[in-house]
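To start, the structure under review is shown below, and the notes come after it.
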Amino acid sequence: MQPASTPPQSIEELWQRANQLAGLSLGDLAALAGIEMPSDFRRQKGFSGQLLELWLGASAGSKPEQDFPELGVELKTLPLSATGTPSETTYVCYAPLLGQERIDWEASNVRNKLHCVLWIPIDGEREIPPAQRQIGTPILWQPSDEQLAQLRADWEELMERISLGEIEQITARHGQYLQLRPKAADGSKVTDAIGADGRLIKTRPRGFYLRKSFTQQILDNHFGSA
DNA sequence: CCCTGATCATGA
DNA sequence: TCATGATCAGGG
């Protein structure tokens, strides 16, 4: 077994690749790829995701696109606690803070990224050394009409506040499923945003994140909840 | 700097 | 104990 050298040509091929990884550990995949495993993720937080990108043939990079543009599929790892619940929120994409011509959900990056997601569950307990963390069975997911409607409502509310110059009043407590949180290398990083009275201000960059309750729903709907 | 991949660490 | 706010690494 070895990392993918080319992008999958179909969703079936992507699905097949993902299923072959189930049951293996991050250490297995790193070793087979000749990559050194970090002893913890304090200094390499995105390691799991990047390793999976390599194995599944996702085009690396930082483009604001889906991981598999030809297939219209986004790849996300989903760290799980011992009880099988998400142990972290899920980053979706960078948030535009200068507003847009109009608040258009259909054209938004959030909708685009969440149109179809290949979720890869992974042991996410800090007590388990990264190398021993196992990869679970993948989930190919598309939002239900209800989920889509709520995501849209959250996004539109957050975007409206941003457009109205209320970015500094938005906290991670806003939004039922989608929340807005800082997204930067450190607190000194700032970017332009719309301030009160419409003037430009400097503020910390933000990103959209999915709450754990949302990804939990996905797990429940897929595997069935007791 | 922007944006991707995320998890960490602290306060409530 | 747990979510919020902060932080880490790399490509372009």
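Lettering follows sequence order; numbering is per chain, from 1.
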Using a heavy-atom cut-off of under 4.0 Å over every strand shown, decide if [X] touches base, sugar-phosphate, or nothing.
{"X": "F41(A)", "answer": "sugar-phosphate"}
{"X": "P182(A)", "answer": "base"}
{"X": "S48(A)", "answer": "nothing"}
{"X": "P79(A)", "answer": "sugar-phosphate"}
{"X": "R43(A)", "answer": "sugar-phosphate"}
{"X": "T90(A)", "answer": "nothing"}
{"X": "T89(A)", "answer": "base"}
{"X": "D192(A)", "answer": "nothing"}
{"X": "G46(A)", "answer": "base"}
{"X": "E74(A)", "answer": "sugar-phosphate"}
{"X": "D40(A)", "answer": "nothing"}

Say you draw a straight line from CD of Q179(A) to NZ of K212(A); how long is it, rounded to the nearest 0.5 Å?
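Here the interatomic distance stands at 10.0 Å.
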Given [options], which nucleotide is nearest the side-chain atoms of [X]?
{"X": "R173(A)", "options": "dT4(B), dG5(C), dA3(C)", "result": "dG5(C)"}
{"X": "R126(A)", "options": "dT4(C), dC8(B), dG5(B)", "result": "dC8(B)"}
{"X": "P64(A)", "options": "dT4(B), dT7(C), dA6(C)", "result": "dT4(B)"}
{"X": "E53(A)", "options": "dA9(B), dC2(B), dG5(B)", "result": "dG5(B)"}
{"X": "K212(A)", "options": "dC8(B), dT7(C), dA3(C)", "result": "dA3(C)"}
{"X": "T77(A)", "options": "dT7(C), dA6(B), dT4(B)", "result": "dA6(B)"}
{"X": "T191(A)", "options": "dC2(B), dA3(C), dA6(C)", "result": "dC2(B)"}

Donor/acceptor link under 3.5 angstrom from K183(A) side chain onto base of dG5(B):
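Such a pair is found, so the answer is yes.
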Measure distances between side-chain N and O atoms of Y209(A) and base N and O atoms of dA6(B), and say whether any donor-acceptor pair falls under 3.5 Å.
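Donor-acceptor pair under 3.5 Å: yes.
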Does [N] have OP1 or OP2 under 4.0 Å away from a side-chain N or O of [X]?
{"X": "Q179(A)", "N": "dT4(C)", "answer": "yes"}
{"X": "N109(A)", "N": "dT4(B)", "answer": "yes"}
{"X": "K76(A)", "N": "dG5(B)", "answer": "yes"}
{"X": "Y91(A)", "N": "dT4(B)", "answer": "yes"}
{"X": "R211(A)", "N": "dT4(C)", "answer": "yes"}

Length of the [atom1]-[atom2] vector between [X] and [N], whole Å:
{"X": "L114(A)", "N": "dT4(B)", "atom1": "CG", "atom2": "P", "value": "12 Å"}
{"X": "E168(A)", "N": "dT4(C)", "atom1": "CD", "atom2": "P", "value": "18 Å"}
{"X": "K45(A)", "N": "dG10(C)", "atom1": "NZ", "atom2": "P", "value": "14 Å"}
{"X": "D186(A)", "N": "dG10(C)", "atom1": "CG", "atom2": "C1'", "value": "15 Å"}
{"X": "F208(A)", "N": "dT4(B)", "atom1": "CZ", "atom2": "C1'", "value": "16 Å"}
{"X": "E88(A)", "N": "dA6(C)", "atom1": "CD", "atom2": "P", "value": "16 Å"}
{"X": "I120(A)", "N": "dG5(B)", "atom1": "CD1", "atom2": "C1'", "value": "14 Å"}
{"X": "Y94(A)", "N": "dG12(C)", "atom1": "OH", "atom2": "C1'", "value": "14 Å"}

Under 3.5 Å, side chain of [X] to main-chain N/O of [Y], donor-acceptor pair present?
{"X": "E74(A)", "Y": "D67(A)", "result": "yes"}
{"X": "Q147(A)", "Y": "S144(A)", "result": "yes"}
{"X": "K183(A)", "Y": "C93(A)", "result": "no"}
{"X": "S87(A)", "Y": "P79(A)", "result": "yes"}

Report the residue (R133(A) or L75(A)) whose heavy-atom-nearest nucleotide on DNA chain B is the more 5′ of the two.
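Upstream on the strand: L75(A).
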For H115(A), is the NE2 atom crowded, meaning more than 12 foreign heavy atoms sit under 6.0 Å from it?
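No, because the 6.0 Å sphere around NE2 of H115(A) holds 12 heavy atoms or fewer from other groups.
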Could you list the residues that satisfy salt bridge (charged side-chain N to carboxylate O under 4.0 Å, His left out) with D145(A), not counting sequence neighbours?
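With sequence neighbours excluded, D145(A) shows a salt bridge (charged side-chain N to carboxylate O under 4.0 Å, His left out) to no residue whatsoever.
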Checking side chain to side chain donor-acceptor pair (under 3.5 Å) for the pair R181(A)/T89(A): CA distance, chi angles, key distance, verdict?
CA-CA 11 Å; R181(A) 305 220 306 275; T89(A) 54; 3.1 Å; yes
